[in-house]
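Working notes for the structure below.
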There are 2 protein chains.
Amino acid sequence: MKGASVVPITVAGLKSACSQCNLQELCLPFGLDDSEINRLDELVATRRKVKRQQHLYRAGEAFEAIYAIRTGSFKTDVILEDGREQVTGFQMTGEILGLDGISSEHHSCNAVALEDSEVCIIPFAKLEELSREVEALQHQFHKVMSREIVRDHGVMMLLGSMRAEERLAAFLLNMSQRFTARGFSPAEFHLRMTREEIGSYLGLKLETVSRAFSRFQEDGLVSVQQKHIRILDIPGLKKLMHHPQVT
Amino acid sequence: MKGASVVPITVAGLKSACSQCNLQELCLPFGLDDSEINRLDELVATRRKVKRQQHLYRAGEAFEAIYAIRTGSFKTDVILEDGREQVTGFQMTGEILGLDGISSEHHSCNAVALEDSEVCIIPFAKLEELSREVEALQHQFHKVMSREIVRDHGVMMLLGSMRAEERLAAFLLNMSQRFTARGFSPAEFHLRMTREEIGSYLGLKLETVSRAFSRFQEDGLVSVQQKHIRILDIPGLKKLMHHPQVT
DNA sequence: TTCTCTGTTTGATCCAGGTCAAACAGGGTC
DNA sequence: GACCCTGTTTGACCTGGATCAAACAGAGAA
């Protein structure tokens, strides 16, 4: 409940709202014209800082808003009564958190910052209101939700039908692609999550993740130094995904 | 492409639209008042019959509408280039198919009828139009999408963190609960899918599914005769889910 | 500098579920 | 009736990834 009681921080100078944000094309404003984005600005007036390891929200909390990541990154997870954790996703800047809460008016998973981060608070009732007036916003919001569903299907495929090394390859390629979309190098990046979190996401134990990294390094596919990753052979990784085995 | 070329069948007497449908409370009309449902009726004028094993839509096809299942049931799946299939869900009456297509304007999975079925066609552009006017419809539609996301997270938990028998127990309990919501017996039902399809959904091989069924039968939890299932001990199945092992 | 704490790597062993194979059961057709 | 054909069950064996265990590496703190 600690996370819940954190008071949202209203940032003083509001000039850096959606209309000024360089994440527009990855986020909710995509497809809106200038006047529409200005209307969205009014909605997204408050922001909140979340320190590393802190919760943005917890399973069970009342749902009131969705969040757009402005800086930093998060993981979402579900925890069973017996303590088993399943990481359901890793989110980067421009991505939307909290969509799980709409269905029951309560969040159904936890969102935890992987590094010091900041999110834009989008009150959901107001978003629905505005998206009744702004067609482009409505449509973009539906696309964001649908994209999450498609992403989830991909994860099911990964968990249900791929072997350990394929899963890790898919994960690395996905990260690479998302870093690229944000203007970073496709080949070199820093992972914010632990081996254990990667393992939970991929349905593997941390040792298996570590071994797969070592294997990739031996095979010259990547260079790994702790959390720093350099992908040396993207086609090689892709090949590995499609050709599960020599058998 | 066969599935795509099937001409939608307009049913003659339109009196059995949403306003007359007994699936209202499970479907898109939930929460709408009578006059609002009448407006929805105009939208959902056409239906389509899909025979067992036929596709409602295929991955890659242009997205134009979502579908509400009126009778019968479906599976959705994703297929990799190398032929591996991952079943991403089983859908029953009142549930909505096609949400995956919104994000890219093309379907990203296949939907196949598990028995002779009928769906209501809901043209998506018109749905967005109407939900800009009808607040309750907008909200219900958002809940439907969110519910799909929550469901997907549950499947990830299942695939990533549960053992074979837990997965099957979770599956049976889920089916039971959904049959109950439709006015059928919680304890006795007929599975429309094969062991292989169940296995694909649960990330297991068909033999493992079969063995788990046999084990449950030995332990007096269920009685299994081919596709006909009778659950004898619901608490027992639940217990099995939360206490993975005696270890 | 050393100590501690958390996360990572690597090795040795084990087992749940996969694989291969064969028998079986029910439903449809001739 | 006999004959498929598809889906299911069961058995025997194998293996990928889990488990257990120990060493190691970097980041802070004192």
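Sequence lines set the chain letters: A, B, ... in the order given, protein chains first and strands last, and positions in each chain run from 1. Source: prediction; values computed, not measured.
With sequence neighbours excluded, the residues that form a ring-ring contact (aromatic ring centres under 6.0 Å, His included) with B:Phe63 are B:His107, B:Phe124. Applying the side-chain hydrogen bond (donor to acceptor under 3.5 Å, both in side chains) rule to B:Asp77 yields the partners B:Asn110; only residues at least two apart in sequence or on another chain are considered. Applying the side-chain contact (heavy atoms from CB on, under 4.5 Å) test to B:Ala68 and every residue at least two apart in sequence or in another chain returns B:Cys27, B:Ile96, B:Cys120, B:Ile122. Checked against side-chain hydrogen bond (donor to acceptor under 3.5 Å, both in side chains), A:Arg178 has the following partners two or more places apart in sequence or in another chain: A:Glu95, A:Asn174. Residues forming a side-chain contact (heavy atoms from CB on, under 4.5 Å) with B:Ser214 (at least two apart in sequence, or on another chain): none. A:Glu148 meets the side-chain hydrogen bond (donor to acceptor under 3.5 Å, both in side chains) test with A:Arg151; sequence neighbours excluded. Residues forming a side-chain hydrogen bond (donor to acceptor under 3.5 Å, both in side chains) with B:Glu85 (at least two apart in sequence, or on another chain): B:Lys75.
Of the residues in residues 200-209 of chain A, A:Gly203, A:Leu204, A:Lys205, A:Glu207, A:Thr208 come within less than 4.0 Å of DNA chain D through at least one heavy atom, sorted by number. The stretch residues 213-229 of chain A has no heavy atom under 4.0 Å from DNA chain D, so no residue of it qualifies as close. DNA chain D lies under 4.0 Å from at least one heavy atom of each of the following residues of residues 190-197 of chain B: B:Thr194, B:Arg195.
Looking only at atom types and distance, the side chain of B:Arg70 has no donor-acceptor partner in the side chain of B:Thr93 under 3.5 Å away. Side-chain contact annotation: A:Ser117 with A:Thr71, donor-acceptor N/O pair under 3.5 Å absent.
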Please table the atom pairs, donor to acceptor, closer than 3.5 Å between any side-chain atom in residues 218-237 of chain B and protein atoms at least two apart or in another chain.
from, atom 1, to, atom 2, distance (Å)
B:His228, NE2, B:Glu188, OE2, 3.1
B:Asp233, OD1, B:Gly236, N, 2.8

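Between the axis at the start and the axis at the end of the helix from C:dT1-D:dA30 to C:dC30-D:dG1 there is an angle of 30°, using five pairs per end and rounding to 10 degrees.
Side-chain contact between A:Asp152 and B:Met156 is present, with at least one heavy-atom pair separated by less than 4.5 Å. Contact annotation: the side chain of A:Lys205 never approaches that of A:Glu196 to less than 4.5 Å [non-hydrogen atoms, C-beta and beyond].
Of the candidates C:dT19, D:dC20, D:dT9, D:dT9 carries the atom nearest the B:Ser210 side chain, counting heavy atoms from C-beta on.
As rounded to whole Å, 16 Å separates atom P of D:dG17 from atom CZ of B:Arg163. Spacing between atom CD of A:Glu166 and atom C1' of D:dG16 amounts to 12 Å, rounded to whole angstrom units. Rounded to whole angstrom, the span from the CZ atom of B:Arg211 across to the C1' atom of C:dC15 amounts to 14 Å.
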Point to revise | Residue pair A:Asp116, A:Lys51: steps toward the salt bridge (charged side-chain N to carboxylate O under 4.0 Å, His left out) verdict | key: CA-CA 4 Å; A:Asp116 293 357; A:Lys51 284 222 164 306; 3.6 Å; yes
